[in-house]
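Have a look at the structure below before the remarks.
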Amino acid sequence: QTLVQLKSAIDEKPLELVQYRFLSQWFYPVIYVLVGMKGFKNNPEWIVERLGRRIKLIEARTALTDMVQMGLLKKEGTTLRHAQGPAIATSDETRSFAIRQFHRATLQLAQQALRLPPDARDITGLTVSIKKSDLPRLKKRIQAFRKELNEMLSSDADADEVYQINFQVFPLTSKQINEGETCDLN
């Protein structure tokens with residue numbers, strides 16, 4: 001899987017910066033999803049309001065311009081539309097700095113969402129013991145479930161809000177190497 005096949009006649013360096021911003025800023029995918037929803041207004045002030053004033057006007061403008069430049073959105077008069085279809089994904093094993101920045105930002109948003117009433121969010125966890133050799137199988141199941149959710153939820157033409165759904169699986173213990181020695185998780 002690739003993020004999206006980018007077709008551009010511009011230099012690679014500016015496009016790389018635009019791609020970096022798309023991958024690292026939490027609000028780019030939100031704006032991209034908003035563009036495909038009923039009632040979307042191609043108005044940066046409206047976007048800032050829809051995002052709870054958590055971004056600046058210049059950020060909304062830049063995001064829209066960047067997505068047009070990347071070929072993700074196309075202008076039709078004063079209207080914006082998806083150019084490549086609604087699904088954008090990185091590979092399951094992407095480890096770029098930009099993606100890590102995005103995940104840090106969405107984890108911070110999840111912390112802020114703890115202030116919302118429980119009927120407006122679902123934040124749950126599960127602490128389990130597993131064999132390290134089962135981790136690849138667990139990751140494949142999570143990836144399959146994530147793709148299933150994306151297909152199911154992305155097809156709703158009447159969606160009226162944008163939600164972030166995160167999945168994490170990480171070790172909470174370090175494996176003992178020899179008596180008294182441990183593997184550093186930092």
Side-chain angles (χ1 to χ4, degrees), residues 1-4 16-37 39-41 43-67 69-70 72-73 82 86-128 130 135 138-139 141-154 156 159-174 184-186:
Q1 278 177 304
T2 56
L3 169 64
V4 62
E16 287 174 5
L17 177 60
V18 169
Q19 288 171 311
Y20 174 81
R21 283 196 299 255
F22 182 88
L23 292 173
S24 66
Q25 300 292 329
W26 68 268
F27 53 88
Y28 273 62
V30 177
I31 294 171
Y32 179 80
V33 170
L34 273 174
V35 168
M37 291 172 55
F40 172 76
K41 295 181 182 164
N43 178 320
E45 291 90 357
W46 180 85
I47 292 169
V48 169
E49 289 300 321
R50 281 291 272 150
L51 273 61
R53 306 190 65 67
R54 289 179 286 194
I55 67 169
K56 297 175 184 161
L57 190 58
I58 188 70
E59 291 173 315
R61 284 188 183 122
T62 301
L64 292 171
T65 301
D66 286 352
M67 286 185 265
Q69 184 179 355
M70 289 174 68
L72 297 173
L73 301 177
H82 288 151
I88 297 176
T90 60
S91 68
D92 290 325
E93 295 299 324
T94 300
R95 291 185 176 92
S96 79
F97 179 74
I99 296 296
R100 287 194 307 270
Q101 289 293 102
F102 173 80
H103 287 302
R104 281 186 191 103
T106 59
L107 288 169
Q108 289 173 347
L109 291 169
Q111 284 181 318
Q112 294 167 11
L114 286 169
R115 293 183 230 141
L116 296 173
D119 63 335
R121 48 103 176 144
D122 182 58
I123 299 177
T124 57
L126 180 63
T127 306
V128 297
I130 66 168
L135 184 59
L138 174 60
K139 288 172 66 175
R141 299 246 346 238
I142 292 170
Q143 291 162 2
F145 181 62
R146 187 183 68 235
K147 289 173 185 172
E148 178 187 332
L149 277 177
N150 189 34
E151 288 172 13
M152 177 184 79
L153 299 172
S154 295
D156 187 352
D160 56 1
E161 294 291 346
V162 178
Y163 277 74
Q164 178 67 32
I165 301 172
N166 291 347
F167 299 94
Q168 296 86 30
V169 60
F170 52 90
L172 294 172
T173 57
S174 58
D184 186 8
L185 294 174
N186 296 323

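When a residue number appears, it is its place in the shown sequence, counting from 1.
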Gap between atom [atom2] of [Y] and atom [atom1] of [X] - 0.5 Å precision:
X	Y	atom1	atom2	result
Q164	F102	CD	CZ	4.5 Å
K147	I142	NZ	CD1	12.5 Å
L64	I47	CG	CD1	4.0 Å
E16	L23	CD	CG	11.5 Å
T65	M70	OG1	CE	13.0 Å

Can you name the nearest heavy-atom pair linking [X] to [Y], along with the distance?
X	Y	result
V48	A60	CG2-CB, 4.1 Å
A63	I31	CB-CD1, 3.8 Å
F22	L72	CE1-CD1, 3.7 Å

Validation row: [X], [Y] side chains within 4.5 angstrom (heavy atoms):
X	Y	value
V162	M37	yes
Y28	R21	yes
W26	R54	yes
I55	Q25	no

Quiz item: What pairs with F145 under ring-ring contact (aromatic ring centres under 6.0 Å, His included), at least two apart in sequence or on another chain?
Solution: F167

Practice problem: Please list, chain by chain and in numerical order, all residues satisfying ring-ring contact (aromatic ring centres under 6.0 Å, His included) with F40, sequence neighbours excluded. | Solution: W46

With sequence neighbours excluded, residues passing side chain to side chain contact (heavy atoms under 4.5 Å, CB included) with [X]:
X	result
L153	L149, I165
A120	L116, P117
S24	Y20, A98, Q101
Q168	L107, N166, F170

Exercise. Determine which pairs satisfy side chain to side chain donor-acceptor pair (under 3.5 Å) with at least one residue from residues 112-128, sequence neighbours left out, and list them in order.
Key: none

Quiz prompt | side chain to side chain contact (heavy atoms under 4.5 Å, CB included) between E161 and R50, worked out | solution = CA-CA 9 Å; E161 294 291 346; R50 281 291 272 150; 3.6 Å; yes

Quiz item: Got a sec, which residues hit side-chain hydrogen bond (donor to acceptor under 3.5 Å, both in side chains) with R53, two or more places apart in sequence or on another chain?
Solution: E49

Self-check item: Listed partners of E151 passing salt bridge (Lys or Arg N to Asp or Glu O under 4.0 Å), at least two apart
Solution: none

Quiz prompt | Pairwise salt bridge (Lys or Arg N to Asp or Glu O under 4.0 Å) hits with a residue in residues 56-65, at least two apart | solution = E45-R61

Exercise. Indicate whether the side chain of T62 and that of D66 have a donor and an acceptor atom separated by less than 3.5 Å.
Key: no

